[in-house]
Amino acid sequence: MSEENAKKEQLTQAFYAQTEEAVFTELDTSVNGLSDAEAKSRLSQYGANELEEGKKKSMLQKFLEQFKDLMILVLLVAAAISAMVPNAEGHREWVDAVIILAVVIINAVMGVVQEAKAEQAIEALREMSTPNANVLRNGHSVTISSDELVPGDIVLLEAGDVVPADMRLFEASSLKIEEAALTGESVPVEKEVTVLEAGDIGIGDRINMAYSNSNVTYGRGKGIVVNTGMNTEVGKIAGMLASADETETPLKRNLNQLGKFLTIAILAIAVIMFFVGTVLNGRDWVEMLLTSISLAVAAIPEGLPAIVTIILALGTQVMAKRNAMIRKLPAVETLGATDIIASDKTGTLTLNQMTVEKLYFDNHQYAASDDIPVDNMALKIMNYANDTRIGQEGNLMGDPTETALIQFGRDKGFDVQKEVPNEPRVADLPFDSDRKLMSTVHQLADGRFLVAVKGAPDVLLNRTNEALLEGKVVPMTRDEKDNILANNTDMAKQALRVLGMAYKYIDAVPETLESEDLENNLIFAGLVGMIDPERAEAAGAVKVAKEAGIRPIMITGDHRDTAEAIAGRLGIIKPGDDDAVLTGAELNQMSDADLAKNITKYSVYARVSPEHKVRIVKAWQQEGKVVAMTGDGVNDAPSLKQADIGVGMGITGTEVSKGASDMVLADDNFATIVVAVEEGRKVFSNIQKAIQYLMAANLGEVLTLFIATLLAWDTLLPIHLLWINLVTDTFPAIALGMEPAEKDLMAHKPRGKNSNFFSGGVMSSIIYQGILEAAAVLFVYWSALKWPAHTAMNVQDLSASGLYDLQHADALTMAFATLGLMQLFHAFNVKSVHQSLFKVGAFRNKAFNWAILLSFVLMMGIIVIPGLNDIFKVTHLDWYQWGIVVGTSFAIIPVVEIVKAIQRAMGKE
């Protein structure tokens with residue numbers, strides 16, 4: 001192997017399955033460590049013990065990539081046409097061009113900002129690395145920078161240390177390492193120096209290994225560094241983060257579809273118009289070319305990207321108030337399409353805090369909430385045989401299992417800080433993974449000593465010959481022992497971690513503390529069952545998600561029994577439904593094709609690795625599902641990035657998981673995800689409403705001009721279209737984005753990955769409503785010419801042509817006013833695609849009310865204010881004409897209400 005290959009590949013053998021001697025030989029090292037010269041040589045060979053930054057895009061590259069979207073390209077072409085091609089009056093539409101370019105540039109800048117935030121994930125991983133490590137060099141203990149570690153180094157570990165690299169342990173004294181950020185398991189792992197013979201063992205079960213960035217919570221140990229930098233387990237996660245493809249959001253996919261549709265439709269309209277004008281009507285081809293291009297430009301809803309961005313931004317503000325922090329704008333809408341919520345267990349569905357749940361004594365099981373006498377012997381033993389450290393402010397430090405016992409004692413009125421000084425600890429036998437017991441010896445006031453023992457129930461029972469029952473010590477019978485074991489099994493089936501408590505009194509402390517003497521002939525006091533409990537609100541959130549057609553699944557590094565029990569208690573699966581659980585070991589035996597084929601069978605995935613989580617998310621995505629993945633640990637980061645939407649935890653989450661997420665929960669509350677899904681559905685619905693409103697209006701304009709061209713009518717001038725698009729499109733469309741959620745929003749199933757902005761009856765609504773608008777405008781224009789009603793003075797003095805020009809100006813003004821007012825009235829219709837306006841509430845949205853009023857004033861102002869009507873080539877209308885305009889414009893509301901009623905009757909909601 002070349003040095004370059006060695007540096008890249010390092011050593012990837014299953015060291016946990018090798019003997020210590022084989023590992024020492026493989027790595028060419030010894031218990032005294034490496035020499036300085038050898039360490040220097042290996043550092044140049046393997047590289048520094050740090051995570052690679054990877055290649056970064058320049059700011060210019062990021063900016064240019066924002067213009068790949070088809071809709072953006074259409075808008076850029078529209079801007080170029082507006083600026084370069086003169087209209088029928090010889091003017092170029094510079095205002096249109098500037099507005100379009102401003103929208104495009106703003107979108108590009110926002111995209112660059114969001115992408116820059118996403119790059120923080122790997123940076124956070126780099127910053128997690130511990131700065132120093134205690135190693136043996138030349139046989140002496142020295143402290144070096146952790147980035148100087150190399151394979152073969154001997155590292156010394158003790159409580160409080162962060163493991164600096166992946167290591168094979170060869171010494172372990174009561175060593176416990178907390179690996180929750182890597183494996184998702186909340187309880188520290190008891191490490192043993194042994195050879196693991198199984199061929200394929202998950203990270204959480206490799207008890208003879210210590211992994212980079214995990215935390216030593218108890219004891220001490222020594223290990224041989226076997227992998228550093230990008231070859232560590234954390235390094236592999238960083239590599240997956242760097243290489244993961246960004247998933248295409250439903251919003252981006254829908255906007256692309258909309259862009260393609262508009263491109264085809266606009267080109268078709270322009271070609272047909274050019275053909276009709278030149279071939280059928282014999283008009284000048286240059287004039288018709290300019291007319292066709294102008295119509296095509298008018299058909300583009302250039303404000304749509306800006307309006308969508310504003311609606312999304314408004315959604316983020318609402319979500320922020322409800323503790324859901326959005327890091328990427330499209331995530332707001334993506335949430336609304338969620339089919340699967342794949343949740344990590346530890347810290348997300350559970351509290352990530354060991355808690356006493358059951359206590360057994362006097363042949364009876366008690367819930368933690370029951371009254372427990374403060375002088376209960378089991379309560380006393382669990383507090384005495386305990387190494388928890390208590391800070392000055394009363395905070396508990398140490399092994400989570402032991403701190404849970406102290407906290408339980410506090411809750412029941414047993415203050416260990418007051419009790420122990422009266423019966424001080426004078427000796428102890430620390431916990432040992434071989435004997436699975438821990439004992440402390442306490443001086444009593446009568447001169448005797450109390451031996452307090454806690455440990456594995458089966459081991460403890462073998463060392464007891466008596467039991468404490470209702471305050472009396474009685475012989476340990478076979479029936480009593482069977483009863484204790486039955487309760488131990490019952491608790492274990494509930495995924496509780498069970499410990500036994502026993503004690504005895506001795507007259508003197510032996511000079512040499514031996515387990516065989518100190519931990520035998522004990523009196524059984526009780527059992528305690530602990531668990532990392534589910535969050536109080538999680539079960540309710542799971543229920544709401546299911547009612548909304550969303551399938552919650554659990555993906556965790558914890559043990560199968562624990563995961564199954566918690567999932568059953570939360571309602572993710574039926575209690576005891578073992579077939580719905582898949583383990584990482586079983587997953588290893590399945591190909592990606594088999595997994596994708598069977599993925600729907602499982603709702604709980606236990607004892608899985610980071611690679612497994614990514615495979616699971618991909619398998620659901622292959623089913624066509626939109627997947628939201630929640631998590632808080634380093635191990636969750638790759639799957640968070642792979643998912644359609646990654647949801648990080650703001651309180652317990654690592655910076656790595658938050659950096660890889662699209663959304664962060666400020667309160668770590670699983671229920672907040674369901675709230676965010678509801679808001680996401682509302683945002684999508686409101687974007688649909690805005691698109692329906694804009695597209696129906698544009699279709700109405702296009703059909704009006706198209707049919708008028710066929711009939712050789714002059715209905716609307718370019719300045720009229722520009723003003724209507726500016727005034728009646730923008731403000732109401734944005735206000736529609738602030739509509740409150742419809743009452744039955746969470747009663748519907750997810751809309752699915754293949755849905756788009758035109759789904760759910762929106763396309764048919766756009767078509768018939770656009771036709772209605774065009775028909776109404778053309779009718780008003782025709783009737784105004786057919787039955788003119790101009791009442792200006794001295795019309796009798798005008799020539800026939802002059803009178804016609806005046807009557808045509810009135811017809812033009814009435815058509816213009818009708819189109820503008822009708823669009824404002826129609827905005828009320830699109831508050832719901834199918835529901836009646838009177839059911840959803842016409843005036844619930846205050847922002848909408850003000851937007852309609854403002855647009856109305858701006859629309860009417862150019863007609864009634866002297867001077868402005870000359871600029872816009874419109875005339876003053878009399879009350880009769882205004883009656884025609886307002887009556888025809890308002891008619892769209894009852895007509896659409898009738899159509900909606902028919903649709904509801906036909907079951908097309």
Would you say [X]'s side chain and [Y]'s backbone share a donor-acceptor pair under 3.5 angstrom?
X	Y	value
N849	F843	yes
S783	V780	yes
T728	G820	no
S855	I852	no
R322	V318	no
E897	L837	yes
D339	V626	yes

Ring-plane angle category for H826 and Y693, please: parallel below 30°, perpendicular beyond 60°, tilted otherwise.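 Parallel, since the angle between the ring planes stays under 30°.
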
Heavy-atom pair of closest approach, residues M319 and L335: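 Closest approach of M319 to L335: CE-CD1, 3.8 Å.
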
Would you call R681 and E678 a salt bridge, using N to O less than 4.0 angstrom?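 No.
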
So, are K749 and E547 salt-bridged, with charged N and O less than 4.0 Å apart?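 No, no charged N to carboxylate O under 4.0 Å.
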
Do [X] and [Y] have a side chain donor and acceptor closer than 3.5 Å?
X	Y	result
T672	N323	no
D810	Q881	yes
N686	E739	no

More than 12 foreign heavy atoms under 6.0 Å from CZ of F779: is that the case here?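 For F779, atom CZ is not crowded (no more than 12 foreign heavy atoms under 6.0 Å).
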
Are more than 12 heavy atoms from other residues, nucleotides or ligands located less than 6.0 Å from atom CE of M738?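 No, not enclosed.
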
Quick check: do V830 and Q688 have side-chain heavy atoms less than 4.5 Å from each other?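 Result no, sub-4.5 Å side-chain heavy-atom pair not found.
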
Rounded distance [0.5 Å steps], OG in S836 versus CZ in R904: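 Going from OG on S836 over to CZ on R904, the span is 5.5 Å.
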
Supply the atom-to-atom distance I884 CD1 to Y880 OH, rounded to the nearest 0.5 angstrom.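 One finds 4.0 Å between CD1 of I884 and OH of Y880.
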
